[in-house]
Amino acid sequence: MYDMKIVINGRRRLSGTVKISGAKNAALPELAAAILSSDEFEFCGVPEVEDIKVMFEALKNIGAKGEFINNKIKIRIPSLKSGLVPKDIIETSRASILILGPLIARNGYAKVSLPGGCPIGDRKIDFHLEGLKRMGAKINIEDGYIIAKSDKLCGIEYTFPNKSVTGTENLLMAATLAEGETFLGNCALEPEISDLIKLLSSMGADIKQGENNSLIIKGKTTLKGSIHKVIPDRIEMGTYIIAGCLLDNEIIVENAIPEYIKSLLNVLENMGVKIVIEKNRIKVNPTDNIFPIDVGTKPYPGFPTDLQAQLTTLLTQANGISRIKENIFNRRFRHVYELNKLGANIEVKGNTAIIKGKTELRGGVIKSTDLRASAALLLGGLIADGETVVGNSYQLFRGYENMPEKLSQLGADIKLIKR
Ligand code: EPU
């Protein structure tokens with residue numbers, strides 16, 4: 001799996017329609033939420049990507065029964081055969097930390113591997129652990145595992161020092177089975193979290209949204225199963241919209257929710273890109289002159305850190321100097337060095353990338369460093385003259401469903417080489 005290469009012959013014009021898959025970052029916590037009930041769940045619109053497969057395997061390891069076919073997951077955890085989520089199953093993803101909250105809530109015991117995921121910064125988990133400890137869990141970290149025990153979780157008042165996506169999801173899920181009321185302040189409220197709230201509510205959880213990004217949860221003794229459709233992936237949406245802005249491409253993005261991606265659409269509008277927004281479709285028309293911009297990443301509804309790398313590639317084609325400030329993760333610029341190998345002129349100073357455009361990119365041999373960086377490098381290959389080989393492409397398949405096929409259908413000359 002790790003020795004995969006994607007080979008692109010660049011400068012082909014892309015046109016046509018691309019359909020967006022379900023959101024990986026919604027499906028991940030939603031699958032973990034299946035731990036909270038012994039009933040059956042049916043999820044549709046689940047992207048067939050590596051991080052989801054890893055989550056599914058980890059759930060099977062603790063006793064889940066089910067199947068994952070044609071973007072549908074049927075799953076039921078009638079009883080927990082183990083509280084163990086081992087390293088070898090889970091080390092490439094963040095799934096283990098999402099399992100921790102629901103598992104301790106239902107089982108009273110969890111031994112989960114410390115989470116992996118993209119090497120984009122420190123990726124601390126202190127808010128998760130602090131919240132669970134306050135709920136009554138005893139937590140130790142030993143040999144790369146988080147070991148949590150609790151007779152019963154109790155409701156708490158906890159305000160996150162900073163917004164955390166999986167932190168909010170974890171404590172929210174744990175609170176649905178805790179005794180009494182939980183108040184969570186300064187929550188992240190990404191669309192994926194709203195979708196998780198929708199699922200948990202359909203399971204019988206009592207969750208209300210309060211003022212200033214707070215959530216108030218009244219714990220229940222049991223929750224029931226559910227049938228749930230995962231929302232479309234806004235990061236995949238944004239990635240194809242950005243692909244549509246390259247060269248004189250003309251792409252229609254279908255199964256899109258424009259509301260989820262307003263921050264990107266605003267940025268692109270300021271760059272002079274011509275975009276037509278319909279109910280579930282976004283059309284990107286060819287643009288002759290792309291203007292430079294200054295933008296900073298922020299929690300939703302701000303500009304997402306998960307699109308920073310892809311926007312960087314586009315800004316190599318803007319006429320002038322752009323700056324992107326990365327405010328969420330402290331090491332999320334590794335794609336820059338790879339893009340520079342293709343002829344980009346990007347300098348990183350502290351947490352800001354300074355992109356001098358417009359540069360003609362030429363093909364080369366580069367390496368994926370993380371999931372979103374992989375997508376940014378593919379976009380680089382699409383505009384580079386000649387052949388680009390992107391190594392370590394396993395990263396891409398952790399979060400993008402069939403990206404080489406989807407690009408190929410739009411007219412790209414792209415192939416995947418597995419060894
Ligand atoms: N943070 C702490 N302590 C914590 C938790 C977070 O200091 O206990 C800090 C982090 O170090 C980071 C910031 O808070 O600087 C935000 O981290 P967050 O917890 O929100 O990130 P995450 O939950 O680990 C999720 C997504 C990421 C996405 C970020 C930010 C999932 C599975 N992952 O990560 O997605 O970049 O939120 O939006 O939902 C991706 O899909 O490529 C990806 C990396």
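In each ligand, atom 1 is the first atom listed, and ligand 1 is the first ligand listed. Predicted, not measured: the structure shown is a model, and the values here were computed from it.
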Near [X], which atoms of ligand 1 are under 4.0 Å from a heavy atom of that residue?
X    : result
R94  : 24 (O)
H128 : 8 (O)
D126 : 2 (C), 3 (N), 4 (C), 7 (O), 8 (O)
T305 : 30 (C), 36 (O), 38 (O)

Any idea which part of [X] is under 4.0 Å from ligand 1, heavy-atom wise: side chain, backbone, both or neither?
X    : result
K124 : both
N330 : neither
K24  : side chain
T166 : both
I125 : backbone

**Asked** Between the candidates R372, R332, E326, which shows the shortest non-hydrogen contact distance to atom 44 (C) of ligand 1?
**Response**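 Nearest option to atom 44 (C) of ligand 1, by heavy atoms: R332.
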**Request:** Can you figure out which of N327, D306, L98 has its heavy atom closest to atom 35 (O) of ligand 1?
**Result:**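 Closest candidate by heavy-atom distance is D306.
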How close do [X] and [Y] get, counting heavy atoms only, and between which atoms?
X    : Y    : value
G391 : K5   : CA-CG, 4.4 Å
R12  : G411 : CB-O, 3.5 Å
G204 : K220 : O-NZ, 3.2 Å
K367 : L377 : O-CD1, 3.3 Å

**Message:** With a cutoff of 4.0 Å, is L371 in contact with ligand 1, counting heavy atoms of the residue only?
**Reply:**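 Yes; L371 lies near enough to ligand 1 that a heavy-atom distance drops under 4.0 Å.
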Distance-only donor-acceptor check, side chains [X] and [Y], under 3.5 Å:
X    : Y    : value
K406 : S21  : yes
T239 : Q310 : yes
N25  : E190 : no
S368 : S374 : yes

**Message:** Please enumerate all residues that pass side-chain hydrogen bond (donor to acceptor under 3.5 Å, both in side chains) together with E40, with sequence neighbours excluded.
**Reply:**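 Once residues adjacent in sequence are excluded, E40 has no partner under the side-chain hydrogen bond (donor to acceptor under 3.5 Å, both in side chains) criterion.
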**Under-4.0 Å salt bridge between R332 and E326** =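 No, no charged N to carboxylate O under 4.0 Å.
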Backbone or side-chain N or O of [X] under 3.5 Å from ligand 1 N or O:
X    : value
S164 : yes
E190 : no
F329 : no

